[in-house]
Peer 1: 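Sharing a structure with you now.
Being a predicted model, the structure only gives us computed values, none of them experimental.
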Amino acid sequence: MKYIDEVCAVLTDEVERRYLRSRDAWQMLTVEMSAADEATQEQIQKAEQAHKDYIRASKEYLAIAFKKRFLER
């Protein structure tokens with residue numbers, strides 16, 4: 001348990017970066033789709049995948065937050 005704070009910081013930073021990247025990618029794709037007259041099948045698939053990545057990153061972020069909170073007690 002010597003490096004627990006350091007490990008928590010590393011994991012928090014990584015999952016936060018992943019969350020922000022996935023959120024930004026999903027938002028950018030949805031803006032592109034709404035700006036187009038009609039979304040192509042490829043755009044729809046990319047947006048769906050980006051949304052799945054965003055949800056996954058959100059869950060990972062929440063899991064790290066709970067684990068960190070648990071370890072702080």
Side-chain angles (χ1 to χ4, degrees):
M1 300 298 257
K2 185 176 179 180
Y3 301 104
I4 201 73
D5 290 336
E6 183 180 340
V7 170
C8 284
V10 168
L11 292 175
T12 300
D13 289 347
E14 177 59 29
V15 76
E16 189 172 282
R17 278 193 298 276
R18 193 174 311 138
Y19 169 78
L20 292 172
R21 276 194 312 265
S22 64
R23 183 194 65 186
D24 293 347
W26 179 63
Q27 287 177 342
M28 204 167 14
L29 286 168
T30 56
V31 167
E32 285 177 16
M33 285 178 47
S34 63
D37 291 337
E38 191 173 320
T40 65
Q41 188 63 27
E42 182 182 353
Q43 287 175 319
I44 293 169
Q45 288 175 345
K46 283 183 179 181
E48 288 173 350
Q49 184 59 46
H51 188 255
K52 287 178 185 177
D53 292 343
Y54 177 51
I55 296 296
R56 188 178 308 114
S58 298
K59 289 178 181 180
E60 290 174 6
Y61 187 86
L62 190 60
I64 293 296
F66 275 113
K67 289 174 185 175
K68 184 177 177 186
R69 171 86 37 131
F70 175 76
L71 291 170
E72 288 175 347
R73 292 181 183 202

Peer 1: Partners of Glu38 by side-chain contact (heavy atoms from CB on, under 4.5 Å), sequence neighbours excluded?
Peer 2: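 For Glu38, no residue satisfies side-chain contact (heavy atoms from CB on, under 4.5 Å) once neighbours in sequence are set aside.
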Peer 1: According to salt bridge (Lys or Arg N to Asp or Glu O under 4.0 Å), does anything in residues 43-59 pair up with another residue at least two apart or in another chain? List the pairs.
Peer 2: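 For residues 43-59, and leaving out neighbouring residues, the salt bridge (Lys or Arg N to Asp or Glu O under 4.0 Å) pairs sorted by first residue read Glu42-Lys46, Asp53-Arg56.
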Peer 1: Sequence neighbours excluded and cut-off under 3.5 Å, please list the side-chain donor-acceptor pairs for residues 28-36, or say none.
Peer 2:
{"unit_1": "Thr30", "atom_1": "OG1", "unit_2": "Trp26", "atom_2": "O", "d": "3.2"}
{"unit_1": "Thr30", "atom_1": "OG1", "unit_2": "Gln27", "atom_2": "O", "d": "2.8"}
{"unit_1": "Ser34", "atom_1": "OG", "unit_2": "Thr30", "atom_2": "O", "d": "3.2"}
{"unit_1": "Ser34", "atom_1": "OG", "unit_2": "Val31", "atom_2": "O", "d": "2.9"}

Peer 1: Looking at every heavy atom in both Ala57 and Ser22, which two are closest together, and how far apart are they?
Peer 2: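 Closest approach of Ala57 to Ser22, heavy atoms only: CB-OG, 3.4 Å.
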Peer 1: For residues 1-16, which side-chain donor-acceptor pairs fall under 3.5 Å, sequence neighbours excluded?
Peer 2:
{"unit_1": "Thr12", "atom_1": "OG1", "unit_2": "Cys8", "atom_2": "O", "d": "2.7"}
{"unit_1": "Glu14", "atom_1": "OE1", "unit_2": "Arg17", "atom_2": "NH2", "d": "3.1"}
{"unit_1": "Glu14", "atom_1": "OE2", "unit_2": "Arg18", "atom_2": "NH2", "d": "3.3"}

Peer 1: Which ILVMFWY residues are connected to Phe66, directly or by a chain of links, through side-chain heavy atoms under 4.5 Å apart?
Peer 2: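 Same cluster as Phe66: Leu62.
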